[in-house]
Amino acid sequence: MLRRHVVALDEAEGTRTEGAVHPVDEVLRPGRLLAGGLQHVAASYAGVVAPPLVLGAYLGLPPLQTTFLVGAALFTAGIATLLQTIGFWKVGARMPFVNGVSFAGVAPMIAVADTQADKRDALPVIFGAVMVAGALGFVLAPWFCKLVRFFPPLVSGTVITLIGLTLLPVAFGWIQGGDPGRPASVTGLGLAAATLVIVLVLRRVLRGFLRQIAILLGLAAGTLIAVPAGAVDFGPAAHARLVGFPSPFHFGPPQFTLSAIVSMCVLMLVCMTESTADMLALGQVVGRPADERTIARGLRADTLGTAVSPVFNGFANSAFAQNIGLVAITRVRSRFVVAACGAMFVLLGLSPAFASLIAVVPRPVLGGAGIVLFGTVAASGIQVLLGAGLDKGDNLLVAAASLGIGTIPVVSRTFYDGAGVPETLRTLLDSGVSAGCLTAVVLNLAFNHLGRRRRDEASPGTSPDPSPVRGD
């Protein structure tokens, strides 16, 4: 591992000390920086553009306006990613995190649209509610981050596993052409299998930098294979404009409605919970555990990005878990690689023509690579659980119940539809990561801490740190 000695500013103490550059803070050569950033763009592009595409179709927006929403989502995702990776003051975790539009926000935004006489008038109401929710989250970040003490390895391992399990159906949906309700076609299965095999072979035979960008090479090879199969649509690239800026408040000034604000604030809390879990997972992967200070800064980046996004016609942003798998596979831990990804998102948002070039990658090709990416996240969580002492006390029971509850929305998106569950609670339950995370925290406290055991009998890795940890 390359180690260079520099004079670093110790932010916690305000002093300057000599130390070795951590891989997270390493600045790679320009070529590797750009290639690594492009790989992160390819891994997260579909996740960024999916919410505006779904919402635009539901609102009945014309294609040009929907394209505008997609460009705005890319632009604001880039800003949020730069806030997270580079940061300023006490904003930004300074970790290799991609921030983008949270898909968890689609359901509550559709619910807000249903309250409008004309669904096309819903966007200003949604934008106003998102701005308030982002501002509230920014204020709550210093207190919300203290929840980290309730995430020992038993809980964090369960949550990391759930992140991977929750993402895998996304990859399967891509293989099905973006419609999980229909069977995968022979072409889709073939392209996904070919991409998966290519990625695995490249990881096995390549060395050095080429091995690190095996995912990107696999996506390129899969797309080339898809061309003669007629699975690549060049139409969006042919008609896209070269330059297009997401003008502020394009759909009108924001409107502030109490019911919409409450719904978006609940969403913001869910996003903050998921981002906390993602930061803990990434901290394990990069070898820099996320403490309260890091989580507080990361949550500020999430929520500030959310509050600013509606100005440029964007939505709520949160950390993208799929990029954790990419970091785990490539072992490229530099936050500046992801900052390059953020800069690319900004440029893509300013140039619909270039954005459409990324969109030509067929979804089945993305799905084949996604199996590796998302499966790696789940496997990382299992690895953490193995070190959490599942053979001690009731730890196995805590993990089993939490994984079971967390996978309910993974296997059945309609599970809670007929149960009379309030919409605000549905937002929490429909997120497998949030539901499983809350279950794991509560059960760990109930079985391991509430007077059930003496401290010296507590199993390794299950006790939250009882001493206060100073946050930002």
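None of these values were measured; they are calculated from a predicted model.
- Note that CG of Leu74 and CE of Met344 are 13.5 Å apart. Values are rounded to the nearest 0.5 Å.
- When atom types are taken as modelled, the side chain of Asn313 and the backbone of His250 share a donor-acceptor pair closer than 3.5 angstrom.
- Using a 4.5 Å heavy-atom cutoff, the side chains of Ile198 and Ile225 are in contact.
- The two residues Ser309 and Thr76 come nearest to each other via the heavy atoms OG-CB, 3.4 Å.
- The distance from atom CD of Glu292 to atom CH2 of Trp143, rounded to the nearest 0.5 Å, is 13.0 Å.
- Minimum interatomic distance between Ser402 and Thr158 (heavy atoms only, all atoms of both residues): CB-CG2, 3.6 Å.
- In this structure, the side chains of Phe312 and Pro248 come closer than 4.5 Å at one or more pairs of heavy atoms.
- Here the side chains of Val365 and Trp174 are not in contact, with every heavy-atom distance at 4.5 Å or above.
- Atom CG of Asn444 sits about 5.0 Å away from atom CG of Leu154, to the nearest 0.5 Å.
- Remark: side-chain polar atoms of Gln84 are not paired, donor with acceptor, to backbone N or O of Val98 under 3.5 angstrom.
- Note: Phe320 and Phe97 fail the aromatic proximity criterion, with ring centroids not under 6.0 Å apart.
- Residue Asn99 is tested with Asp302, Thr85, Asn317 for a side-chain hydrogen bond (donor to acceptor under 3.5 Å, both in side chains); the sole match is Asp302.
- Note that CE of Met131 and CE of Met264 are 14.0 Å apart. Values are rounded to the nearest 0.5 Å.
- Smallest separation of non-hydrogen atoms from Gly92 and Arg94: O-NH1, 3.0 Å.
- At least one donor-acceptor pair under 3.5 Å links the side chain of Thr223 to the backbone N or O of Leu219.
- For the pair Leu282/Val327, a side-chain contact is recorded, criterion being any heavy-atom separation below 4.5 Å from C-beta on.
- The closest donor-acceptor contact from the side chain of Ser412 to the backbone of Pro409 lies at 3.5 Å or more, if one exists at all.
- Of all non-hydrogen atoms in Gly37 and Ala340, the two that sit nearest each other are CA-CB, 4.3 Å.
- Closest approach of Ala399 and Leu385 over heavy atoms only: CB-CD2, 4.5 Å.
- Looking only at side-chain heavy atoms (C-beta outward), Phe249 and Pro254 come within less than 4.5 Å of each other.
- Side-chain N/O atoms of Thr294 and Asp291 include a donor and acceptor closer than 3.5 Å.
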_Please determine whether side chain to side chain contact (heavy atoms under 4.5 Å, CB included) holds for the pair Phe336 and Leu28, giving the CA-CA distance in whole Å, both sets of side-chain angles, and the decisive distance to 0.1 Å._
CA-CA 8 Å; Phe336 296 103; Leu28 305 183; over 6 Å; no
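- In terms of heavy atoms, Thr330 sits closest to Gln39 at CG2-NE2, 3.7 Å.
- Looking only at side-chain heavy atoms (C-beta outward), Ile371 and Val199 stay at 4.5 Å or farther from each other.
- Aromatic ring pairs are classed by plane angle as parallel below 30°, tilted from 30° to 60° and perpendicular above 60°; the pair Phe127 and Phe251 is tilted.
- From Met272, atom CE reaches atom CG of Leu140 across 5.5 Å, with rounding to the nearest 0.5 Å.
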Go through the steps for Met268 and Thr306 under the test side chain to side chain contact (heavy atoms under 4.5 Å, CB included), then give the verdict. CA-CA 9 Å; Met268 194 73 259; Thr306 295; 3.9 Å; yes
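- The shortest distance between side-chain heavy atoms of Met279 and Leu299 falls below 4.5 Å.
- Between atom CZ of residue Arg297 and atom CG of residue Leu304 there is a gap of 14.5 Å, rounded to the nearest 0.5 Å.
- Annotation: side chain of Val308 is not in contact with side chain of Leu83 (no heavy-atom distance under 4.5 Å).
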Practice task
Apply side chain to side chain contact (heavy atoms under 4.5 Å, CB included) to the pair Ile295 and Leu280, showing each step before the final yes or no.
Solution key: CA-CA 8 Å; Ile295 291 175; Leu280 290 169; 4.1 Å; yes
| task | Would you check, one step at a time, whether the test side chain to side chain contact (heavy atoms under 4.5 Å, CB included) holds for Asn323 with Val338? | result | CA-CA 9 Å; Asn323 293 86; Val338 180; over 6 Å; no
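- Under the 3.5 Å distance criterion, the side-chain polar atoms of Arg300 are matched with a main-chain donor or acceptor of Lys90.
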